[in-house]
Structure formats: C-alpha cells, structure tokens
Amino acid sequence: MEPKEARERMVSGLRSSGHVRSQRVADAMLAVPRHLFLPPEMQEQAYSDTPLHIGQGQTISAPHMVAIMAEELDLRPGHTVLEVGTGSGYHAAVMAELVRPRGKVYTIERLPYLAEMARRNLEATGYAEEVMVTEGDGTKGLPEHAPYDRISVAAAAPRVPQPLKDQLSDGGKMLVPVGSSWYQDLVRVTRKGGRFQVENLGGCVFVPLIGEHGHKS
Ligand code: SAM
C-alpha cells in the first residue's frame, strides 16, 4: 500500500476509535509522513497504531497517543510550543502543522544521536524552519525561548518538573505523563496567573524522563 493511502487508513481508524476528534488534528496527521521519521527497517509498520523502536532504547509514540495529546493540548495558529523528548521528530512535525502560520516548535532531546536523527528527518520532510531541535536536559525546560503557550512532554516524569511550570505563559497548558517508570497518568496543567490547575486525563505508558527534575536513570 502507498504511504498516503496507509496514512488515510490510520487516520480513519483513529477517528473511529475517537482519538482524532477534530478536522484540524486529522489534517495534521494526514500531512506528516510518519514513515520518513523511522529507520528503514521499521518503515513498513509506520501506519500501524503502535509505538515503534527508533534506536537507543527509545520509541516513537503510538499514533493514538499523538492524536490524544494533539487534541487535549488545543494547539492554535501562532502558538509557541516546547516539546520535551524529540525522539524521531514526528510528534514535533504534527504540532508544527497545528501552529501554522506564525507558530514555532522548540523541541529538546537528551540523547545526541536522536537529536541529530530528528534534525535530519525534519529537514528531509520540510519542517526544519518551524521546528528547532536542541540537545539537553528538557526537565530544565528551554528558558531562552520561554514563555511557552503549550508544553508537551513525551516521557514519564515522577512529578511535574517545576522549571516547566515556570516557563508556561499565563493561560498556557502543558501535558505531561506523571507516575512511576512503568505506568503513568497523563496530566494537563493549566496556568492561571500564579496558580496551576491540574487535571488527570487517564492512564498511559511512556519511557522515563531522565534528568535533574525527572527520574535519575
Ligand atoms: N516525541 C517523540 C517522537 O515523535 O518520536 C517520541 C518521544 S520518546 C517516547 C521519549 C523521548 O524522550 C526519548 O527520545 C528520550 O531520549 C527523551 N528524553 C528522556 N528524558 C529526557 C530529558 N530529560 N530531556 C529531553 N529528552 C528526554
């Protein structure tokens, strides 16, 4: 099957399962060629709804999780976004579609090999101008580009990292999986002035967020 057709099937399945609810998220996921973010040996499985290995013991999140996060984060044109956990760069590209025009996605990855791979993937698929990849410990955020309208954390934290709360704009929203290294709740934090409203959106499983304000190893 051609990648475009496989992508249409994937999005249609995600609509039926209720993970994709809006036309905007459907269009974003239809636009981004997920197979081009994967190592060649994984590309055949690119449009099945499952996480896949991308090297260095890490995974690209399952499409339904990318859809849930895109819907729940309510990304809008012009938003400045921080993603923690770049991995392949796929999720950042989906968010770049949703903040067009004038939006920007900053994404940070702790493993240099993956940061470099994501840069190449984003360049090859035409997202390099809208998505900036930085190498480092994303539990500390990326203060030089703060504040962020939206923050998306793609790895599991033991608690919401304080620097990420501090870097959220007034009215800004963050999604972060919080819990142990084997099971977490997807938490949405909304900033209202100096106060933070916290909602639990349900169970999920992510690889650990490792760093100063995350897991230690
Ligand atoms: N969003 C990615 C994609 O579209 O492929 C998938 C992210 S993967 C589930 C989680 C990523 O978080 C891994 O690449 C891992 O190396 C990274 N990570 C873990 N701790 C981190 C930290 N403190 N700062 C930045 N990245 C981190």
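First listed ligand is number 1; within each ligand, the first listed atom is number 1. This is a predicted model, so every value here is computed, not measured.
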Hey, which atoms in ligand 1 end up nearer than 4.0 Å to a heavy atom of [X]?
| X | result |
| --- | --- |
| Thr139 | 23 (N) |
| Glu83 | 1 (N) |
| Ala154 | 1 (N), 7 (C), 8 (S), 9 (C), 10 (C) |
| Leu111 | 16 (O) |
| Thr86 | 1 (N), 2 (C), 3 (C), 4 (O), 5 (O) |
| His91 | 1 (N), 4 (O) |
| Gly136 | 24 (N), 25 (C) |
| Val207 | 9 (C), 10 (C) |

For the residue pair Pro177 and Leu186, what are the closest heavy atoms and their distance? N-CD1, 4.1 Å

For the pair [X] and [Y], find out whether any cationic side-chain nitrogen is under 4.0 Å from an anionic carboxylate oxygen.
| X | Y | result |
| --- | --- | --- |
| Glu123 | Arg120 | no |
| Arg24 | Glu71 | no |
| Glu130 | Lys104 | no |

For the hydrophobic clusters of this structure (ILVMFWY residues joined by side-chain heavy atoms under 4.5 Å, transitively), does one cluster hold both Met65 and Leu201? yes

Measure [X] to ligand 1 on non-hydrogen atoms and call it side chain, backbone, both or neither using the 4.0 Å cut-off.
| X | answer |
| --- | --- |
| Ile60 | both |
| Leu114 | side chain |
| Ala118 | neither |

Angle class for the Tyr106/Tyr148 ring planes (parallel below 30°, perpendicular above 60°, tilted otherwise)?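 Perpendicular: the ring planes of Tyr106 and Tyr148 meet at over 60°.
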
Protein contact to [atom] [nearest heavy atom, distance to 0.1 Å]:
| atom | value |
| --- | --- |
| atom 16 (O) of ligand 1 | Glu109 OE2, 2.6 Å |
| atom 6 (C) of ligand 1 | Thr59 O, 3.4 Å |
| atom 20 (N) of ligand 1 | Ile210 N, 3.0 Å |

Heavy atoms only: which of [options] lies closest to [atom]?
| atom | options | value |
| --- | --- | --- |
| atom 7 (C) of ligand 1 | Gly89, Gly85, Ala115, Ala93 | Gly85 |
| atom 5 (O) of ligand 1 | Gly87, Ser88, Ala92, Ala157 | Ser88 |
| atom 21 (C) of ligand 1 | Glu212, Arg110, Gln58 | Arg110 |

Gap separating the CZ atom of Arg110 from the OG1 atom of Thr134, nearest 0.5 angstrom: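 Between Arg110 CZ and Thr134 OG1, I get 16.0 Å after rounding to 0.5 Å.
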
N/O to N/O below 3.5 Å, does that happen between Gly138 and ligand 1?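 Such a contact does occur with ligand 1.
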
Verify side chain to side chain contact (heavy atoms under 4.5 Å, CB included) between Met174 and Phe196, making sure each step is shown before the conclusion. CA-CA 10 Å; Met174 160 164 56; Phe196 295 90; over 6 Å; no

For Pro208, is the nearest heavy atom under 4.0 Å from an atom of ligand 1? yes

Among Met10, Arg7, Glu8, which one satisfies side-chain contact (heavy atoms from CB on, under 4.5 Å) with Met29?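 Option passing the side-chain contact (heavy atoms from CB on, under 4.5 Å) with Met29: Met10.
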
Dump the intermediate steps for side chain to side chain contact (heavy atoms under 4.5 Å, CB included) on Val99 and Arg76, then the final yes or no. CA-CA 5 Å; Val99 299; Arg76 296 282 147 193; over 6 Å; no

Distance to the ring centre below 6.0 angstrom and angle to the axis at most 45 degrees; does that hold for Arg34 and Tyr90?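 Geometry flag: set, cation within 6.0 Å and 45°.
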
